[in-house]
Amino acid sequence: MRVIDENTITEAVLEQMAPTPDPRLKEVMAALVRHLHAFAREVDLKPEEWLKGISFLTEVGQTCTPHRQEFILLSDTLGLSALVNALHDKHIKESATKSSLLGPFYRQDAPMLKLGDSIVSQGKGSEVVYYGQVVNSAGQGIPNALVQVWETDENGYYDLQKHDPSIMDLRGCFHADAEGRYYLRGVCPLGYLIPMDGPVGDMIRAQKRHGYRPAHIHFMIGAPGYEELVTALYVAGDDHIDSDTVFGVSEPLVVTVKQNDPASPMPGLPSIRYDFRLATAAQQDRASGRVGADPSQITKRGG
Ligand code: BEZ
Ligand code: FE
């Protein structure tokens, strides 16, 4: 009979999991066990530390609701979401806009609006026009591309963080025109603190991190035959542009607000211009590249 000790335990677990019929599940779980055991050995994990970790993860789970996703926040603050995004981008062979974090505040049923409409229904803030073109890797416009946007209000809060999270604000869906052009009105983005009132906030404070995301607005863009793009635009000059708590900023996604852009389709308002480049879908049935989901879908069992 085998003696289970700190070295033989890993092989024993891998052997027991070996019959897993799904090859990808087998590969992922075996790697998880190897790395988890290596981590425990490296730090010589103590029983009280193990229990603290279990309590922390329990609290992370208990903080999740249909309107709040503390596990995504944990993944984001540990850099795992940004890593999964980068691994996803690596597989895209054509030139395409870089992806950025979906975050925990995406909602899948935002209202459908007309080009030029404002996504602001309740919030205030200084108005800005977002405009540009959705193009393919050859620079040709993608007609009718679906552009979804969401951002915080003038106080740095998403609608999901408000007293009544069922009220939608500062988000919308738009169809680009026949040349792939889009334009819409929103508010000028502000930097904000990630939710700090839960276990992830406790972790951030224990690590003496500031907890801020630099000013940004989220975009999710799709069109039949193209890889869905999940990204965000970050405003140059923000104090936290180089120290985002969730590692979402990338230089090509940094934009400036122009006061008098003659090319703006809505002159008279400050504007932010960005052209998004989508890659052709590698496979028609490829799973989405989203690192995240609407929180209400995740809390549904099997969601
Ligand atoms: C966001 O940008 O919405 C976000 C991303 C990660 C953590 C918290 C917020
Ligand atoms: Fe955000």
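Note that ligands are numbered from 1 as they come in the structure, with each ligand's atoms numbered from 1 the same way.
- Aromatic ring centres of Tyr130 and Tyr183: separated by at least 6.0 Å.
- Between Thr97 and Asp275, the shortest heavy-atom distance links the atoms OG1-O, 4.1 Å.
- For an aromatic pair to be called close, the ring centres must be under 6.0 Å apart, and His216 with His218 satisfies this.
- Below 4.0 Å from some heavy atom of His218 lie the following atoms of ligand 1, by number and element: 1 (C), 2 (O), 3 (O).
- Looking at Thr245 against ligand 1, nothing comes within 4.0 Å, counting heavy atoms.
- When hydrogens are left out, the protein atom nearest atom 6 (C) of ligand 1 is Asp76 OD2, 2.9 Å; that is the closest non-hydrogen contact.
- Under 4.0 angstrom from ligand 1, there are no non-hydrogen atoms of Trp150.
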Could you go through Phe219 and Tyr274, starting from their C-alpha distance and side-chain angles, then the distance that decides it, and tell me whether this counts as ring-ring contact (aromatic ring centres under 6.0 Å, His included)?
CA-CA 11 Å; Phe219 284 82; Tyr274 202 86; 8.0 Å; no
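- For His216, the N, O or S atom with the smallest separation from the Fe ion (ligand 2) is NE2.
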Output, in order, the C-alpha distance, side-chain angles, deciding distance and verdict of salt bridge (Lys or Arg N to Asp or Glu O under 4.0 Å) for Glu227 and Lys93.
CA-CA 11 Å; Glu227 295 275 341; Lys93 299 291 173 234; over 6 Å; no
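- Atoms of ligand 1 lying under 4.0 Å from any heavy atom of Leu73, numbered from 1 in the order shown and given with element: 7 (C), 8 (C).
- Using a 4.0 Å cut-off to heavy atoms of His216, the atoms of ligand 1 that qualify are 1 (C), 2 (O).
- Side chains of Asp159 and Ile167 form no contact here, defined as non-hydrogen atoms less than 4.5 Å apart.
- Each of the atoms 6 (C), 7 (C) of ligand 1 lies under 4.0 Å from some heavy atom of Val246.
- Some N or O of Arg213 is nearer than 3.5 Å to an N or O of ligand 1, by distance alone.
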Does the side chain to side chain donor-acceptor pair (under 3.5 Å) test come out yes or no for Ser137 and Glu94, once each step is laid out?
CA-CA 6 Å; Ser137 58; Glu94 294 173 11; 3.0 Å; yes
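- Per-residue contacts place Ile194 under 4.0 angstrom from the following atoms of ligand 1 (heavy atoms of the residue considered): 8 (C).
- Within a 6.0 Å radius of CD in Gln16, no more than 12 heavy atoms belonging to other residues, nucleotides or ligands are found.
- Vertex the Fe ion (ligand 2), arms ending at NE2 of His218 and OH of Tyr158: the angle is 90° after rounding to 10 degrees.
- Interface of Pro104 with ligand 1, defined as ligand atoms under 4.0 Å from a residue heavy atom, comprises 4 (C), 5 (C), 6 (C), 7 (C), 8 (C), 9 (C).
- Ranking the protein heavy atoms by distance from atom 3 (O) of ligand 1 puts Tyr192 OH, 2.9 Å first.
- Taking 2.8 Å as the threshold, Thr152 does not count as a candidate ligand of the Fe ion (ligand 2), since none of its N, O or S atoms lies below it.
- Distances from ligand 1 to the non-hydrogen atoms of Tyr106 include no value under 4.0 Å.
- Each of the atoms 1 (C), 2 (O), 3 (O) of ligand 1 lies under 4.0 Å from some heavy atom of Tyr158.
- With a 4.5 Å cut-off on side-chain heavy atoms, Tyr131 and Asp261 count as touching.
- Taking the centre of each ring, Tyr106 and Trp150 come in below the 6.0 Å mark.
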